[in-house]
Number of protein chains: 2
Amino acid sequence: MSAESNSTCPVCKTAEVVCGKWTLLLIRDLAEGNARFCELERSLEGISPRTLSLRLRALEEEGVVERHTYPEVPPRVEYALTAKGKALVPLVEDMRRYGMRWLLGDAADARQPAAV
Amino acid sequence: MSAESNSTCPVCKTAEVVCGKWTLLLIRDLAEGNARFCELERSLEGISPRTLSLRLRALEEEGVVERHTYPEVPPRVEYALTAKGKALVPLVEDMRRYGMRWLLGDAADARQPAAV
DNA sequence: CCCAAGGCTTCAGTAAGTGAAGCCATGGCG
DNA sequence: CGCCATGGCTTCACTTACTGAAGCCTTGGG
C-alpha cells in the first residue's frame with residue numbers, strides 16, 4: 001500500500017478514509033443513531049465482529065468516530081460520529097439517492113436496452 | 001460474501017457497486033476524460049494492471065462503464081462512463097469536497113483539540 | 001455454581017489487491 | 001530478415017482485508 005495514490009488529491013484522501021467494504025455503511029448506521037457494538041453488528045448484517053472492531057478502531061484513529069465507555073455491568077460502549085464523521089453523511093445520502101435510482105430501474109437503461 | 005448485507009437497501013446497493021478500493025478513483029478519472037487503459041494506469045498511480053482490468057470488467061458487467069475497441073495497431077481500447085456511471089460523479093464531487101476540507105485542516109479539530 | 005449480557009479477541013481460511021514479469025500482434029528500423 | 005516498441009492485457013507468488021465460528025472477561029442473578 002505504501003503511498004495510497006496521490007496523497008495531495010482530495011478524492012484520494014477521502015477514498016483512503018472510506019476505503020473499507022463496510023465503512024460507509026457503518027457511517028450511515030451511526031448517523032441513524034445506532035451507537036452500540038451489538039446494534040451495529042445487527043444492523044450491518046454479515047459483518048464479522050473482528051472487522052467491525054477493526055473499522056471502528058481505524059475510524060477512531062482518524063478522528064471520524066468517538067468512543068464512549070460506560071463502566072456498567074455488563075460494560076456499555078457507545079460510538080458516535082465526530083464533526084469529521086458527520087461531514088461524510090452527504091456522501092451516504094448521495095449513495096442512497098444513487099442506489100434508489102438503481103433499484104427502481106431508472107438507471108437500468110444504461111445496460112442492454114433489453115428489446116424495448 | 002454471499003448476500004452483501006441487505007440488497008433492498010439503496011446505500012448497500014451503491015456500496016456493492018463502488019466497493020473496490022480503486023472504483024471511485026477510476027470513476028473520477030473516467031469523468032475527467034481519461035479513457036485508455038494506460039492513461040488510467042498512469043493516473044491511478046499504484047494500481048496493478050490486474051486490478052485495473054478486473055475493476056473495469058466488473059464495472060462493465062454492472063453497466064457503469066462502456067468499452068470500445070478500435071482495431072488499430074497496436075490495438076486501442078477506450079473506456080467511458082455510461083449514464084449509470086455518470087450518475088456516480090456527484091459522489092466523487094462530495095469526496096473531493098470532503099477531502100479538501102480534510103487536507104485544509106478544517107475538519108481536523110475533530111481530533112484531539114491539542115491543548116488549544 | 002453457572003449462565004447470560006456486551007464487547008470484544010483469536011484462529012484458520014477465503015477474497016481482493018500487489019509487483020514483477022510475460023504474452024500477443026505488427027509496423028517500422030537497421 | 002531480426003527484433004524492438006506499443007498497448008492491453010494475463011500469469012504468478014505474495015500480502016492484506018474480511019469471514020465465521022469459537023472463546024474470553026466480568027459480575028449480578030437464579
Side-chain angles (χ1 to χ4, degrees), chain A residues 1-7 12 15-27 29-30 33-62 64-80, chain B residues 1-7 12 15-27 29-30 33-62 64-80:
Chain A
M1 227 170 261
S2 52
E4 287 271 6
S5 300
N6 185 350
S7 265
C12 300
E16 271 177 55
V17 177
V18 303
C19 64
K21 175 178 167 185
W22 295 98
T23 308
L24 285 161
L25 264 28
L26 186 47
I27 303 281
D29 280 11
L30 288 169
N34 292 313
R36 301 179 59 173
F37 194 91
C38 61
E39 286 176 334
L40 296 166
E41 208 174 356
R42 262 190 289 278
S43 175
L44 278 57
E45 43 175 328
I47 197 172
S48 69
R50 171 180 156 76
T51 303
L52 180 52
S53 179
L54 286 176
R55 285 283 107 220
L56 283 168
R57 236 171 264 295
L59 291 172
E60 200 191 345
E61 274 289 302
E62 285 164 327
V64 169
V65 314
E66 279 172 343
R67 199 183 120 108
H68 302 287
T69 314
Y70 300 90
E72 301 169 1
V73 162
R76 185 161 55 97
V77 178
E78 290 193 350
Y79 296 92
Chain B
M1 226 171 265
S2 54
E4 286 274 7
S5 302
N6 184 349
S7 265
C12 300
E16 273 177 53
V17 177
V18 304
C19 63
K21 175 177 167 187
W22 295 98
T23 309
L24 285 162
L25 265 29
L26 185 47
I27 303 281
D29 281 10
L30 288 169
N34 291 314
R36 301 180 62 172
F37 195 91
C38 60
E39 285 176 335
L40 296 166
E41 208 174 357
R42 262 189 289 278
S43 176
L44 278 56
E45 44 176 327
I47 197 173
S48 68
R50 170 181 155 77
T51 303
L52 180 52
S53 179
L54 287 176
R55 288 280 106 223
L56 283 169
R57 236 172 264 297
L59 291 172
E60 198 189 349
E61 274 288 303
E62 286 165 325
V64 170
V65 315
E66 280 173 343
R67 200 182 120 107
H68 303 285
T69 315
Y70 300 89
E72 302 170 354
V73 162
R76 183 161 57 99
V77 178
E78 291 193 350
Y79 297 91

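Numbered from 1 within each chain, the chains take letters A, B, ... in sequence-line order. Heavy atoms only: backbone and side chains are in, while hydrogens, waters and symmetry mates are out.
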Spacing between [X] atom [atom1] and [N] atom [atom2], to the nearest angstrom:
X     : N      : atom1 : atom2 : value
A/L52 : C/dC8  : CG    : P     : 8 Å
B/W22 : D/dA17 : CH2   : P     : 13 Å
A/H68 : C/dC8  : NE2   : P     : 13 Å
B/E16 : C/dA16 : CD    : P     : 12 Å
A/R55 : C/dC8  : CZ    : C1'   : 17 Å

note = Rounded to 10°, the helix from C/dC1-D/dG30 to C/dG30-D/dC1 deviates from straight, judged by its five-pair end axes, by 40°
I'd like to check the side chain to side chain contact (heavy atoms under 4.5 Å, CB included) partners of [X]; sequence neighbours left out, ordered by chain and number.
X     : answer
B/P74 : none
B/R76 : B/R36, B/Y70, B/E72, B/E78
A/P49 : A/F37, A/E41

query = Between B/S48 and C/dG17, does any side-chain N or O lie under 4.0 Å from OP1 or OP2?
reply =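 No, outside the criterion.
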Reading 5' to 3' through nucleotides 7-14 of chain D, protein heavy-atom contacts under 4.0 Å coded B for base, S for sugar-phosphate only, - for none = SSBBBB--
inquiry  = List the residues meeting salt bridge (Lys or Arg N to Asp or Glu O under 4.0 Å) with A/R67, not counting sequence neighbours, and say none if there are none.
reply    =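 Partners of A/R67 by the salt bridge (Lys or Arg N to Asp or Glu O under 4.0 Å) criterion come out as none, since no residue qualifies.
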